[in-house]
Each structure stands twice: as C-alpha cells, then as structure tokens.
Amino acid sequence: MSYTLTTPLYYVNDRAHLGSTYTTLACDAIARHRRLRGERVTFITGCDEHGQKIQRTAEAAGLSPQAHCDAVSEGYRELWSRWQISHDRFIRTTDPRHRELVEQFFARVEAAGDVLEGRQQGWYCVACEEFKDDPHEAQDPECSVHRRPLEWRDEVNLFFRLSRYQGQIEDLIRRPGFIAPASRRREVENFVAQGLRDFSISRVDLPWGIPVPGHPGHTFYVWFDALLGYLTALVDPDGPVDLEQVLKRGWPAQLHVIGKDILRFHAVYWPAMLLSAGLPLPERVFGHGFLTREGQKMGKSLGNVLDPVVLLERCGRDAVRWYLLRDIPFGDDGDFQQQRFTDLVNNDLANTIGNLLNRTSSMARKWYDAAVPPAGDAALADHPLAVASLEAAEAVNGALEALDFRAAAEAVLQLAGAANGYLNDRAPWKAMKQPGQEAAVAADLYAVLEASRWLAVLLAPLLPELSGRMLQQLGLEPFASGGPTDAPAGAWPDAQRWGLLRSGSPLPEPEPVMQRLELDSAL
RNA sequence: GGCUCGGUAGCUCAGCUGGUUAGAGCGUGGGAUUCAUAACCCCAAGGUCGGGAGUUCAAGUCUCCCCCGAGCCA
C-alpha cells in the first residue's frame, strides 16, 4: 500500500506562520499513522515561489526574487526540521526540474486542445494575482480582500479550457469523500453549477515566472505552476524529469490537505488540469479551518501574530501538537487560547497520562525489584484494562483513518482515565500494607503498566516524542514513524496486543515524561 | 449584495432521521486519598440551546425573517 499526501505548497511571500505550522503538523500525524500501519508513505510539502507579488516583495526588500525565495523557503525548511516534520519531499517551484515538468505538462494540455488565446482586460489585484470583475469605468477600485488599489490590465493571455470539463468535474465533486469535510461540498457544487469559465493561465511582462513554451513574453500564472509542484515532488530526484514517471512514484495522491480558502483551486481547477493532461485525480481534498488567537484574527496590523518558533521554544513540540490536534476539530476554525492551552497540556499530558506512568512505575520499582511485576491474572484478555485498551485502540485507529484527531485523543484520554480510576479503586498502596497481598498488587500494577504501554503505543502518531519517552520509561524501544527506512513493517499493529509487557524486565528510574507548562507571561 | 458553514453551560465542543428531568472535557466549589509531576479518584453548581415568528400532540432538532462570526463569489 502506498499513501501520498500533501500540504499546500506555501507561498513565500512571507515567513511561516502558525497556520501553515498547524496544517503541516496535522499532515505529519497522518503520515506517521500511515507509516506505523506499514504503508509506504510519500509526504510532500514545499514552497510556491513565483508571481508578481513575490517579485515586488523581493524588490521592496532590496533582494533579487531568487535570493528572497531562497531565504524564505530555507526558513520553512528549517522550521519543519525544528518541528521534526517527517516529510519525504520538499519541493520548490523555482527548482529547474519543476520548470521541465511544467513544460511537459503544458505540452499535453496544449496537445489536448485546451489552450486558447484570449484578451483579458480588467482590474487586477497583484496580491490575489487575479483579475477582478469590477466594471471598467470604476474609479480607483480596490481589492475587497486586500483593500489595496487594483491595477488596470489589458493583455492577451492564454486560457485553459476549463469549460470543457464541466460534466466531469460535476461527477467528481459529487463523489462521496472527495471533498472533505462534507460540509464544504455544497459551496463548491454551487460554484461549479454556475458554469465553469475558462481561466487564464499566463501573464505577460512578468519576468518572475516560468516562461510558456512557444509563447514568447508569456509566463505561467502562479496557480497553474504551483499546483504542478505536487507532481514535480514525485519525480525521481536524480533521474531525468519525466511526467509519466509520477504514476509509478505515488501519483495520484490520496490526500491534499489545504486551507479552506483554496478549496476551489484544488477541487475544481486542479482536477480539470489533470484530466486534460490525461493523469489520474487525487482521491481526497481536505479543507481545514483557520486559527484565531484569543478570539481575534492574527495579523501584523494587530500585532498579535503567534510565532511558531517562539511557541516551540517555550512550550515544546508535544504540547503544541497536542493542543492543536486534540482541541481543534480538524476542518473547523479554531481559537488559540493560552489559558486553555496550558490547562489541557498540563491536565491531559502531565497529569492524567504522565503522572499515571510515574506513580505506577514508582510503586512497581519500590516493591518489585525495580522491574515489571508478575502479571498473574492481569495477563488475561478479559481484564477490564485489557478490554479498555482494545476499545481505545479501535477508536484511535478509526478516528485517525477519518482524520479525526480530536476523537483519537479523546479515546487515549479515556483509557488513561480508566487506568487512573482502576488504580484508585484497587489502592495497591493500601493493599501492600496487608499481609499476603503481594500477588494481587503485582497483578494490579502489571495491568496499569501494560495499559500505560498501550497509551504510549496509541500516542505514537500524534505525539511521537512523548510516546517514545513513555516507552523508554517502561524499558521499551520507541516506534520509528519518521521515515520510510526505519519503520519495521507491522511493529506498531503487533504492539496492540494485551500482555506484551514482560514481567521481570527492568524499569528505569521514573522521570516525569511530560513537564507541566508554567506560562506566566504571554507568548 | 449572492452562496456555504457555524452561533448549545465561563471555555472547547457532542447532541443520528423532531419525543422522558439538554450531555462530555476544561475551569469553578466541595469531599476522599497519599503510590505519584500540589498529581489521582468521587460529588456538586452552572444553559429560557443567537433573537423573533410559524408548523406540530411534541422543536436545540423542520420552515421563514433578523442579528453575529468565518470562507468563497460578486
């Protein structure tokens, strides 16, 4: 089984922000889950680097466009590395290989008769890189999105014959699961129902772009070139560029994760382009929501931008991943609230899960020679915690399959709650003071340690690092989920069996696996 | 202005095709406990389900209008 998923190719107009970090973290969790299940994953991310907006941003900074792109895309690379994102490919649309692929793709589209020449006249927003439908006679119109003046353009452009694919696109978006979450589908359906219009795929007098072969003076419209980055990413990094090759390297993608604002491009334009070029279509496009902060939009003008680097340094990867994945329904908009962030991280991770392992391991070490106690009856499959563990595993696997991180996290917490409750009911610290209770206490502690092992197993896709620390605390090896080479196929599913923790195996001295957050000042 | 999605306890959200006293977690208050990261466990208070009208024996759940938020298209 092979699974290809993508983040958007981030536009290098500005540095990475919390939104792109959120998207990328979510994709990372999906990629890790698939790898743990033994699938061959190709996780693609990268940068979209062409367009007039980039050119002007670079000029404003006194840099060449290339230097600007190099700097910003390097910033992304570095950020993903700090977050330990497990992407397999990082594609830049300024990569010379990308240009070759775009040329090959365009040749197919042109051969299919889908490239038309047309005159485009109207008001243009450089920030959107789009023509607006404002009337010709409008006086100093501005872009409703960017509140910046529009520029008058009158040029001959190349158009992609989108109208030809009306029927096929209608069929596609009707397909259950193609547009996710399902609540986003109708919006696209209505858009398509209005009738698809050919859209322009080239610009004239725009040096910072890929030249259109056979059409001097034209460069490709950024979106046309950017979407193709998903294909370039799959081309063999060392061999010659061959479009046909992507079919053997993971295309079609199983999943494009994007922000809800660019759903139309991915669910309508992109599939039509692929149809024209005779390539198969992606299986699913998931449009997630946006993040606000303390109820307000984040923005430079408000000065409330949350820098992912600061967040990482002050709080750590596990905490941020947990908060974003566990508290924000994937697909909906979410609000980053510092108080809630600290509350959830401390409660769930430090207290409920971390402390459970800590208290149990400490008792086991104290009374059973610093080792996993004899299991006794606790090894049986009908032990209450065995049942609870199995249920949690089913819930986690199902939820992750459905991209419902929140439900997965809740299932983990439920198991942790059950284990804490069990411990309190059985009160081994009391029983231990009675004579003849050693075997019963041993079984209870074994059961809770084993349940803790399950917690670590189930957390592996969501919080690989915490999972690893927990396993080490139990004297076990962490799961590798970060790359194609280091995942022994089946190790993770195999770990989902009750009673694998071996009695008598040594337990290291307990150390808190999760530090509580103490955030006195604002981030 | 049009389309789409959302507006349920202080906070984040569940509530399937309308039907007993509207649920969970966090936060708050109280109790119990000491194995543990002032952790864990138990209990409680808190909501006229954005507003208004309507359909129905019965509406958070259906219809219409309005208000607020988000995205898309104008």
Side-chain angles (χ1 to χ4, degrees), chain A residues 122-123 128 130-135 138 141 143-145 179 181-195 197 258-268 287-292 294-297 323-324 326-368 404 406-407 409-414 416-433 441 444-445 448-449 452 473 510-518:
Chain A
W123 295 102
C128 298
E130 270 180 351
F131 281 91
K132 297 289 168 177
D133 287 354
D134 290 57
C143 168
S144 56
V145 180
I179 294 177
S183 55
R184 295 255 140 77
R185 191 158 88 191
R186 187 157 311 169
E187 174 187 329
V188 180
E189 280 174 350
N190 290 351
F191 172 77
V192 174
Q194 284 168 20
R197 290 190 294 179
I258 52 166
K260 61 182 181 178
D261 55 334
I262 53 174
L263 185 55
R264 213 176 80 239
F265 288 99
H266 285 78
V268 179
H288 68 72
F290 291 153
L291 297 180
T292 50
E294 312 293 345
Q296 288 195 307
K297 259 187 176 174
Y323 176 58
L324 294 176
R326 120 110 229 225
D327 201 41
I328 296 162
F330 195 48
D332 293 0
D333 289 343
D335 190 34
F336 191 102
Q337 297 176 354
Q338 182 162 324
Q339 187 61 54
R340 189 169 171 78
F341 170 47
T342 37
D343 284 346
L344 287 182
V345 168
N346 290 348
N347 252 290
D348 300 343
L349 264 26
N351 300 351
T352 304
I353 293 174
N355 182 54
L356 170 70
L357 177 56
N358 196 263
R359 66 197 293 213
T360 315
S361 151
S362 136
M363 284 186 275
R365 279 174 51 87
K366 203 182 304 180
W367 303 326
Y368 297 90
D404 189 348
R406 174 180 247 264
E410 268 165 14
V412 171
L413 283 171
Q414 210 179 335
N420 271 314
Y422 183 81
L423 214 45
N424 274 58
D425 286 349
R426 307 290 298 178
W429 50 90
K430 257 188 214 159
M432 207 52 193
K433 291 175 186 159
V441 168
D444 287 340
L445 293 182
V448 178
L449 284 174
S452 303
Q473 191 81 118
E511 252 174 66
V513 287
M514 189 69 200
Q515 240 18 275
R516 295 173 59 87
L517 291 177
E518 309 280 351

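As the structure is a prediction and not an experimental result, all values here were calculated from the model. Chain naming here is simple, since letters A, B, ... match the order of the sequence lines and numbering starts at 1 in each.
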| field | B/U20 versus B/C3 - spacing of their C1' atoms, nearest Å | value | 40 Å

| Looking at B/U37, B/U12, B/A70, which one has an atom nearest to any side-chain atom of A/Asp333? | B/A70

| query | So does A/Arg186 get a side-chain nitrogen or oxygen closer than 4.0 Å to the phosphate oxygens (OP1/OP2) of B/C5? | reply | yes

| said: I need the CG-P distance between A/Leu423 and B/U37, as an integer number of Å. | reply: 14 Å

| Atom-pair distance (CD on A/Gln414; C1' on B/G25), nearest Å | 11 Å

| message | Let me spell it out: for each of A/Asp335 and A/Thr352, pick the nucleotide of RNA chain B with the closest heavy atom. Which residue's pick is nearer the 5' end? | response | A/Asp335

| field | From B/A70, B/A39, B/C35, nucleotide with atom closest to A/Asn351 side chain | value | B/A39

| request: Check every strand shown and say whether A/Gln337 touches a base, only sugar-phosphate, or nothing at a heavy-atom separation below 4.0 Å. | output: sugar-phosphate

| query | Roughly how many Å is it from CZ in A/Phe290 to C1' in B/G71, rounded to a whole number? | reply | 7 Å

| Of the candidate nucleotides B/U12, B/C35, B/C72, which contains the atom at the shortest distance from the side chain of A/Lys433? | B/C35

| message | Could you tell me how far apart A/His288 (NE2) and B/C72 (P) are, to the nearest whole angstrom? | response | 13 Å

| note | Closest of B/A70, B/C35, B/C73 to the A/Trp429 side chain is B/C35

| request: Before accepting this row, confirm whether a basic side-chain N of the pair A/Asp335/A/Arg340 lies closer than 4.0 Å to the acidic partner's carboxylate O. | output: no

Could you write out each protein N or O paired with an N or O of nucleotides 60-62 of chain B at a distance under 3.5 Å?
none

| Nearest-Å distance once atom P is located in both B/C49 and B/A53 | 13 Å

| task | Could you classify B/G46 for me, syn or anti, using a glycosidic angle within 90° of 0 as syn? | result | syn

| query | Between A/Arg197 and A/Leu349, which is nearer to the 5' end of RNA chain B once each is assigned its nearest nucleotide? | reply | A/Leu349

| said: Counting only side-chain heavy atoms from C-beta out, which of B/C26, B/C13, B/C41 sits nearest to A/Asn420? | reply: B/C41

| task | Taking all heavy atoms of A/Asp332 and all of A/Ile328, pick out the closest pair and write down the distance. | result | O-CG2, 4.0 Å

| From B/C40, B/G71, B/C3, pick the nucleotide closest to the side chain of A/Asn355? | B/C40

| query | With rounding to whole Å, what would you report as the distance between B/A36 and B/G31 at their P atoms? | reply | 24 Å

Distances for protein N/O vs nucleotides 27-32 of chain B N/O pairs under 3.5 angstrom?
unit_1 : atom_1 : unit_2   : atom_2 : d
B/G27  : OP1    : A/Asn347 : ND2    : 2.7

| Proximity to the side chain of A/Ala350 - top-ranked nucleotide from B/U37, B/C72, B/G25 | B/U37

| said: Side chain of A/Asn358 only, heavy atoms from C-beta on: which candidate in B/A36, B/C13, B/G71 is closest? | reply: B/A36

| field | Length of the line joining A/Tyr323:OH and B/U12:C1', which is rounded to integer Å | value | 8 Å

| query | What stems involve RNA chain B, if each pair must be Watson-Crick or G-U and both of its distances must be under 3.5 Å, with 3 or more such pairs in a row? | reply | B:1-7 with B:67-73, B:10-13 with B:23-26, B:28-31 with B:41-44, B:50-54 with B:62-66

| remark: Among B/C26, B/C72, B/A36, the one nearest any side-chain atom of A/Arg340 is B/C26

| said: Give me the distance, rounded to whole Å, that separates B/C64 from B/A59 when you measure between the C1' atoms they each carry. | reply: 15 Å

| message | Show the nearest heavy-atom pair for residues A/Ser452 and A/Leu356, with the distance to one decimal. | response | OG-CD2, 3.9 Å

| task | Return the minimal non-hydrogen interatomic distance between A/Arg326 and A/Arg406, and the atom names on each side. | result | O-CG, 3.6 Å

| query | Of the nucleotides B/C72, B/U37, B/U12, which has the atom closest to the A/Arg516 side chain? | reply | B/U37

| task | Using a 4.0 Å heavy-atom cut-off across all strands, classify A/Val513 as base, sugar-phosphate, or nothing. | result | base

